[in-house]
Structure formats: C-alpha cells, structure tokens
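One structure is given below, encoded as structure tokens.
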Amino acid sequence: MSNILSQTEDTLKQEIAAAVLKAELAGEDELPEVILEKPKEKAHGDFATNIAMQLARIAKKAPRHIADDITANFDASKASVDKMEIAGPGFINFFMKNDFLGGLIPTILDAGDVYGRTDFGKGQSVQVEFVSVNPTGDLHLGHARGAAYGDVFCNVLKAAGYEVQREYYINDAGNQIDKLALSVETRYLEALGYEADMPEDGYRGDDIVSIGKTLADEYGEKWVNTDRQERLAFFKEYGLHIELDNLKKDLADFRVQFDNWFSEQSLYDNDKVTEAVQTLRDGGYVYESDGATWFRSTDFGDDKDRVLIKQDGHYTYLTPDIAYHKDKLERGFDQIINVWGSDHHGYISRMRAAIQALGYPAEKFDVKIIQTVNLFEGGEKVRMSKRTGNAVALRDLMEEVGVDATRYFFVMRSNDTQFDFNLDLARSQSNDNPIYYVQYAHARICTMLKQAETKGFAVEGTFNGDLLTAEKETDLLKKLGEFPQTVAESAEKHAPHKVTQYVFDLASLLHSFYNAEKVLDSDNPELTKARIALMKAVRTTIANGLRLLGISAPVKM
RNA sequence: GUCCCAGUAGCUCAGCAGGAUAGAGCAACAGCCUUCUAAGCUGUAGGCCGCAGGUUCGAAUCCUGCCUGGGACGCCA
C-alpha cells in the first residue's frame, strides 16, 4: 500500500544520489547508501543526510565542500524540497515544501483499519511459539509478559506483511505430568479426609487443591481403592484437561489466541522422537558413553555435549524438544521464533546446535528471551512462586488492573530488560497511568467528532489539506506518516514496544494540538473541515495502534 | 570459573546496523478550566550515558578489560 512518507524519502534519496553522480564526487559503483534521518531538532529540517561525510574519503574533499557540490547539483523541484542547508560537520538539511504531506489524510482515511500495514515482510512465513507453560499450574507474571510480548509481536509481524502462525507447545508427557497426577492424588485423598503426603517436588498450587475437591465431590470414594496405576492414569488425564482448560481460559481472557496447540505426547505417538534421534545418529552426531546416549552439540559451538537418552533409558527433556523443532522446521516456515523466559537462555546454544545438526541453517531459528518481572506493591517487592502457591497469577492481575492496563504495561518495555511492575500505578485510575493517556486521546477525538455532528459541521466530504499549516498540525501529520514504518521497524527488530511508544507519542501530539487549537470553529468552516479530517486520521491511527497492542479504544471515558 | 541480559535524570525506562545541543513518563517547582472531556496542556529544574582504554572526522551506540545487579551453567523440566 502507498506510504506517503516513504515515497517522499525514496525520491529524496534518489535525487541525492543523482546529485552526487552529477557533481562527479563518486562513481556509481562506489556510491555509499544514502541514509536519511529525521532530525530531532526542527531547526535541522524535515530530513537530513550525512552523505557528505561518508564521501569525504572517496572524493578526497572536505565534507562541507562536498555538501556544497551536492546542493548545487540537486534538483529541488523533483523532490518537493523547499530549501536546503548545510550544517555542522557537513550535514545537509532538507526543508520540505509545506504540502508534502497533503495526500496523507485521504490515504489514511481510505485505508482505514489497514493503515499501517505494509508488505515489508514480503509474505515470509514466521512461526512464533510462546507461553508454552506446563499444564501444572496457573500462569504467573513472567508468563503473562511473554504472552503479551508474543501476541503483540505476532500482530505486528502480520501487519508488516509476514505470514504468522502462533503456537503453544503443551508439555503433556514426561515427568512433570506424572508429578501432576501424584499431586492431584494427594489433594483428592486429603479432600476425603485421608492423610496423604505431598511428594517433595509436588505442585502445591490452589488449582490442584481445587481439582482434588472436585474429584472428591464428583467421585466420592470411588478412586480410593482402585488400582493405583489406573487411578493415577485417570488423575493425569483429568488434571491435564482441567489445567489446560484453565490456561486456555486465562489466555483467552487476556486476548491471546493460538492457531495451533501442539502436544508433546503426539511426538511420542507418532515416533517423532525416535526419528529425530535417528536423524542425529545418521548425521554422525550421536555417541554412547557411560551407559547413556549423547548428542555431540559441541560440534556446533555448545559448551558441552548433551545427553539424549539417560542411563535409565528415559529421554532427557532435550530429546523430545529436538523432535519438536524438527517437526516445526519440516512444516516449512522461513523462520521459527521461540519466546522463552530468562531462565531458559542457557538452553539456546544446545537447541541451535540441534537445529544445525538436523541440517537446517541456524538463522532459521531465533529465541526471544523475556526478562524477569518483579511485582511491586506499596514499594515492596511481592514474591511469587508457583511452588508455594501464593503466586501472583495473571488472573489476579487481570481482575485487579484490567486487561488493557496489564497488556500495555507488559509491552511498554523492551523484552530484554528486567521489568518492575508497579501494581499501584497500573491499578490507579489516574493520570499517572499511561494507558489512560493514550485511550483518552482516542476518546477525546470521538467526542469532538460527535460534537461536530451535533453542531452541524460537515464531517464527511472534501477538504483542503493545505490549510493545515499550524506547527501542531504539521507535527501530527508527520507523526501519522511514520506509522507504517514504525510497524515495519517494530517487526524487523522484534520490538513490539516501539508500537507502544509510537501510540503514546501520537497521543501526546494530539493532546498538545487540542489545547492549542480549536477544531470546531464556525467562523472558519474550511479550516474546520480540514481539521475534522485530520482528527479522523489521528483517530484511525491510534485505533490501529491500539488494535496491534490488543488494547481497547474507548469512544468515551 | 564460563556464558547471557542489564547498568542512561531522584524513580521507571526509550535511544544502541556510529552522527548535530542524549529523550519521555513519574516525582519536584511555577502556571492554565464561564470556551470541542483538566484521565489534558504550558514552562522550570534535574545527566562524568557504570569505570578505563581502543577504533575514527565523530562513540550512550562498535571492540577489549574491569566493576555492580540479575539469570543460566544437571543423565531436572
């Protein structure tokens, strides 16, 4: 789709390159890539380039002289440049003609919901696996951050022109599920008044207590005297089912949906695990030692080799996980991205080794590490632990501060910095709380437009965009034009927090404009029409940004 | 001991495929509501960008070393 700003930039870049060639400062093959930046200072124009400094060595001239030559040979009319200035060590600052954003508002209003979408990703397929919490307890804060990150990241990827699949890997096989069965058994017996010991490393969450009670209510003594194997098998199924339902419900309430729920057990059922081991063996990366079967991951830069099959004949956690990644790669994605908690980062190098040993390039595989979340309340750090059962669960958070604020807070920061979640702030219905700032901007515009209708202003129809020359208006227009690039950059850098920042900045410009200029002015019908159109464009863009974040855009507050 | 992440304003954080005078929110201080929602706006103050070297026209950004905080280094998952 068209993108006014990037079109303008492309033209500018072309004309700069043309001027360089015309001034014979460099040959076509030695021409560096023209880099345009948006100066922070308005006095430095709308765009600036450092091309003169880059050419200093090639042209063997002082940067400022080079800049002179470039501006002398520059065709300003083609690129709607109003004036150029040479500044500092040799920057060329471009001041654009006032109307260079003229077509932007109609572009945004025509695009509507899809404004911001680009084909940047060119349809490459990306699979993102995230959350993937063991079905043995509630989602806690760290998981919630990963869920918010993964979800918004996927939204952003999609908007930037990638094919995206969201997947959840269910650890429904192996040790931890057996432990789940034992824990459920204990709680069941306790619910019936028997004395039962919780296994040392059992799950002590309230969720298991409640499963035990439900079982006791539903089945009474039925399972007390049945064969233990049979009983545990049933509890395992039963517990898994309930835990999974809980997870799905929590995630759905958190507005996170998955395209695919992938079962670890299915890997065993379909012999995928033995297959994966065999593939590694065929590649010559497997050996036996000390009664165990090893993967020579050091061939691919891992610290040490890893055990695939233990002395007791069981697989390690790694082995089915390799099979899982093999399966994902066989499904043909251009890239697979995992979102993991920080405690798993040591796991990356061995998995990357496995990817390569399976015959795939390492670049297809990427891991985003989500750093720890610390919860603060009343200035005190709130400890959380799934084991002890007094964890702060995502569910608590959603009830306490709402989904919008929770999501906003989690994607407000870069994923690789530790995050202090200020519960008091997120909970407060005050102007301290940044989520309201953005939503308020949206609501404000909605109210204004409603007012416009009530007072009989023309809300639809043509307008003259050239009238929008006030500083606050051009600031808004420029920001609006950046949105598609911001989304693309956010996808490219795997940094959804850039969208949060964008939406905040846009809201800030809107509030500032609102206080400086009156939109509905009966003495100025033409300007009013233009400003109404501007407001609609801002509303659309904020709404689109909030949609990417999975946050509601209220009409009224 | 090895590896990963972080260290930027009082606090929480942006900025980091090198660029001009390092930004924002909160907190502080001073102002703005008979006018489209004050959940808002305007202004002031606040900084050896952890430390020390190096690379270069130019470093918060890249490289090396060190310091501090967090995490990871199982035939656990």
Side-chain angles (χ1 to χ4, degrees), chain A residues 35 37 39-41 43-44 48-50 53-54 56-57 62-63 87-91 93 134 136 171 174-177 179 201 289-294 302-304 306-318 320-321 341-350 369-372 374 376 379 412-422 425 428-441 443-452 454-455 457 492-493 495 497-498 500-501 504-505 507-508 510-521 528 531-532 535 556-557:
Chain A
I35 295 167
E37 57 182 71
K40 294 166 205 157
E41 286 288 324
H44 296 148
T49 182
N50 62 350
M53 280 100 94
Q54 290 188 301
R57 205 171 296 164
F91 287 100
N93 295 333
N134 288 347
T136 52
N171 293 98
N175 234 330
Q176 71 284 350
I177 288 302
K179 264 191 312 194
D201 50 358
S289 176
D290 298 329
T293 302
W294 295 72
D302 194 10
D303 292 352
K304 47 184 118 173
R306 308 291 171 179
V307 171
L308 292 173
I309 303 172
K310 299 186 263 186
Q311 280 180 340
D312 65 7
H314 287 106
Y315 292 116
T316 60
Y317 176 78
L318 177 65
D321 218 13
S342 60
D343 53 339
H344 282 71
H345 91 256
Y347 200 73
I348 298 173
S349 51
R350 73 191 72 168
I369 290 296
I370 304 296
Q371 288 295 335
T372 335
N374 291 312
F376 282 84
M412 184 164 60
R413 307 282 183 232
S414 157
N415 60 289
D416 53 20
T417 77
Q418 293 174 32
F419 177 55
D420 289 341
F421 193 108
N422 183 333
L425 177 60
S428 74
Q429 302 251 337
S430 77
N431 52 356
D432 299 349
N433 197 338
I435 175 66
Y436 297 117
Y437 187 83
V438 178
Q439 292 183 318
Y440 185 47
R444 229 177 189 179
I445 296 173
C446 291
T447 319
M448 248 188 285
L449 295 175
K450 200 163 208 176
Q451 280 276 339
T454 316
K455 293 183 178 170
F457 290 96
E492 182 186 20
K493 296 189 173 168
H497 71 275
K498 285 185 185 297
T500 318
Q501 251 173 277
F504 186 89
D505 290 344
S508 176
L510 182 276
H511 288 311
S512 182
F513 163 80
Y514 179 90
N515 276 271
E517 314 286 351
K518 186 143 171 91
V519 173
L520 307 177
D521 180 359
T528 298
R531 283 184 169 164
I532 285 175
M535 288 303 101
K556 202 178 138 192
M557 284 174 76

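Chain naming here is simple, since letters A, B, ... match the order of the sequence lines and numbering starts at 1 in each.
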B/S/- contact track for nucleotides 21-36 of chain B, protein heavy atom under 4.0 Å: ---SSSS-------SB
Side chain to side chain, Leu449(A) and Ile532(A), heavy atoms closer than 4.5 Å: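 Yes, side chains in contact.
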Closest to the His511(A) side chain, choosing from C4(B), C5(B), G40(B):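 Nearest nucleotide to the side chain: G40(B).
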Would you indicate, yes or no, if [N] has its OP1 or OP2 atom less than 4.0 angstrom from a side-chain nitrogen or oxygen of [X]?
{"X": "Lys304(A)", "N": "U2(B)", "result": "no"}
{"X": "Lys179(A)", "N": "C76(B)", "result": "no"}
{"X": "Ser512(A)", "N": "U42(B)", "result": "yes"}

Between C1' of G74(B) and CG of Asp290(A), the distance in whole Å: 14 Å
Rounded distance (Å) that lies between atom P of C5(B) and atom NE2 of His344(A):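 Roughly 18 Å, once rounded to whole Å.
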Dot-bracket notation for RNA chain B, counting Watson-Crick and G-U pairs under 3.5 Å, with | for partners on another strand: (((((((..((((.....[...)))).(((((.......))))).....(((((..]....))))))))))))....
Set of residues satisfying ring-ring contact (aromatic ring centres under 6.0 Å, His included) with respect to Phe457(A), sequence neighbours excluded: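 Testing Phe457(A) for ring-ring contact (aromatic ring centres under 6.0 Å, His included), a comparison that skips the adjacent residues, returns none.
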Presence of donor-acceptor pair under 3.5 Å, side chain of Asn50(A) and base of G19(B):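 Side chain to base: pair found, below 3.5 Å.
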Sugar-phosphate, base or nothing in reach of Phe419(A), heavy atoms under 4.0 Å: sugar-phosphate
Touch class at under 4.0 angstrom, heavy-atom based, for Asn93(A) against every strand present: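 Here Asn93(A) touches the bases of the nucleic acid.
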